[in-house]
Structure formats: structure tokens, C-alpha cells
Enquirer: 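I have a structure I would like to understand better, so I am pasting it below and will then ask my questions one at a time.
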Amino acid sequence: MDLTRVRALLKTGKVELDLSLPHALTEARKDGLTTSDLDAAVMMGEVVEDYGERVLLFYTLPDYRIPFHVVLEFFSGDDVTTVVTAYIPDREHWEPDWKTRRQTLRRRKK
């Protein structure tokens, strides 16, 4: 995803930010995140992983220093970009920088 372009489209109002997916709102609220927090992450977050039409963003709330992730989806030509989910990462799956996935040991098949 060309996040710089998406952000420019959002700033000019050519694309709308959709924060209404039930899953995204539920997950965000469980972690105490507001729609303003999600909006800030979309506009200022750092790309952790790029999946093409989706990106995983990392952002830290300045006042509380709470790190969280947002998955943003955008299909070229659409007039909407969507926050798919948002969550505070956990230590089981993420390294202390919150940007690197932990390597998991996979069981060998016998």
C-alpha cells in the first residue's frame, strides 16, 4: 500500500476513513482506544508490515505512551479506507519494540 498517497487522499477529503467495522470498534474499545486514537495511528503510525491492500501500523499514544497496532485496508480507486482492527500487542507475540513478531517454534511432523 502507498500509505503516503492514502494519507494525502484522507487529508484532502478524497477518501473517507471508515472506523465503523464492529470488529475494529470492539477490539479498540476492549483496549481503551478511541476513534481519535485510531485516526492518529492512521495518519502518523509507522508501517510494521505491508500486505498489499492492508498495512499493519504501529503507534504510541503520546500522553500515555501506550503502544498499539492498527490494520488499515485500502483498495486503489475506492473512496473509503477502513480500519479493520486495532489492538494493544502482547509480549507473547511481539518483541519489546512492538514492531517485530516473535519467532515461534513449530512442532516437527513425525
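Residue numbers run from 1 in the order of the sequence given. Note: hydrogens, waters and symmetry copies are ignored here, and every other heavy atom, side chains too, is used.
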Enquirer: Is Thr4 close to Arg7 at the side-chain level, that is, under 4.5 Å between some pair of heavy atoms?
Expert: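 A side-chain contact is absent here, since even the closest heavy-atom pair is not under 4.5 Å.
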
Enquirer: Taking the side chain as every heavy atom from C-beta outward, state whether Thr85 and Val70 have any atom pair closer than 4.5 Å.
Expert: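 Thr85 does not reach Val70 side chain to side chain.
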
Enquirer: Would His69 and Trp94 count as a ring-ring contact (aromatic ring centres under 6.0 Å, His included) here? Give the steps.
Expert: CA-CA 11 Å; His69 290 165; Trp94 296 92; 4.4 Å; yes

Enquirer: Verify side chain to side chain contact (heavy atoms under 4.5 Å, CB included) between Thr82 and Leu21, making sure each step is shown before the conclusion.
Expert: CA-CA 8 Å; Thr82 306; Leu21 284 184; 3.4 Å; yes

Enquirer: When hydrophobic residues are tied together by side-chain contacts of less than 4.5 Å, even through go-betweens, does Phe58 share a cluster with Leu17?
Expert: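 Not linked; separate clusters.
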
Enquirer: Salt bridge check: are Glu92 and Arg102 linked by an N-O gap of less than 4.0 Å?
Expert: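 Arg102 and Glu92: not salt-bridged.
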
Enquirer: Testing the basics here: between Glu53 and Met1, what is the closest heavy-atom pair and its distance to 0.1 Å?
Expert: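 Looking at all heavy atoms of both residues, the shortest contact is O-CE, 3.1 Å.
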
Enquirer: Quick one: pull up OG1 in Thr100 and CG in Asp97 and give me the separation to the nearest 0.5 Å.
Expert: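 Spacing of OG1 (Thr100) from CG (Asp97) equals 3.5 Å.
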
Enquirer: Grab the two heavy atoms, one from Ala86 and one from Leu38, that are nearest each other, plus how far apart they are.
Expert: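 Closest heavy-atom pair between Ala86 and Leu38: CB-CD2, 3.4 Å.
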
Enquirer: Tell me, yes or no, whether the heavy-atom count around Arg29 atom CZ, taken from other residues, nucleotides or ligands under 6.0 Å, exceeds 12.
Expert: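 No, CZ of Arg29 has 12 or fewer neighbouring heavy atoms, counting only those of other groups under 6.0 Å.
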
Enquirer: Is Lys99 close to Pro89 at the side-chain level, that is, under 4.5 Å between some pair of heavy atoms?
Expert: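 No; the side chains remain at least 4.5 Å from each other.
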
Enquirer: Verify whether one side chain among Thr34 and Asp37 offers a donor that lies under 3.5 Å from an acceptor in the other.
Expert: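 Looking only at side-chain atoms, Asp37 and Thr34 do form a donor-acceptor pair, the distance falling under 3.5 Å.
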
Enquirer: Closest approach of Val42 and Val83, non-hydrogen atoms and distance?
Expert: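 Nearest heavy atoms, Val42 then Val83: CG2-CG2, 3.8 Å.
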
Enquirer: If you group Ile, Leu, Val, Met, Phe, Trp and Tyr by side-chain heavy-atom gaps below 4.5 Å, do Leu3 and Phe68 land in one group?
Expert: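 Per the 4.5 Å side-chain linkage, Leu3 and Phe68 are co-clustered.
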
Enquirer: Does Ile88 belong to the same Ile/Leu/Val/Met/Phe/Trp/Tyr cluster as Val48, with side-chain heavy atoms less than 4.5 Å apart forming each link?
Expert: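 Each belongs to a different hydrophobic cluster.
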
Enquirer: Does Leu10 form a side chain to side chain contact (heavy atoms under 4.5 Å, CB included) with Met43? I'd like the steps, not just the answer.
Expert: CA-CA 9 Å; Leu10 285 165; Met43 296 310 290; 3.8 Å; yes

Enquirer: Answer whether the closest heavy-atom distance between the side chains of Leu9 and Thr81 falls below 4.5 Å.
Expert: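 No; the side chains remain at least 4.5 Å from each other.
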
Enquirer: Any carboxylate oxygen within less than 4.0 angstrom of a Lys/Arg side-chain nitrogen, looking at Glu49 and Arg54?
Expert: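 No, this pair does not count.
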
Enquirer: Grouping I, L, V, M, F, W and Y whenever their side-chain heavy atoms are under 4.5 Å apart, do Leu61 and Tyr87 come out in a common cluster?
Expert: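 Different clusters.
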
Enquirer: Run the side chain to side chain contact (heavy atoms under 4.5 Å, CB included) test on Arg91 and Trp98 for me, step by step, so that the C-alpha distance in whole Å, both residues' side-chain angles and the decisive distance to 0.1 Å come before the verdict.
Expert: CA-CA 8 Å; Arg91 295 184 193 283; Trp98 306 116; 3.6 Å; yes

Enquirer: Taking C-beta and beyond as the side chain, do Tyr51 and Glu73 meet within less than 4.5 Å on heavy atoms?
Expert: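 Side-chain contact under 4.5 Å: no.
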
Enquirer: Can you hop from Ile66 to Leu19 via hydrophobic side chains spaced under 4.5 Å?
Expert: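 Shared cluster, yes.
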
Enquirer: Hey, could you give me the CG/CG distance between Asp79 and Asp18, rounded to the nearest 0.5 Å?
Expert: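 Reported to 0.5 Å precision, the distance equals 10.5 Å.
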
Enquirer: Is there a side-chain contact between Tyr59 and Pro67, using heavy atoms and a 4.5 Å cut-off?
Expert: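 They are not in contact (no side-chain heavy atoms under 4.5 Å apart), so the answer is no.
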
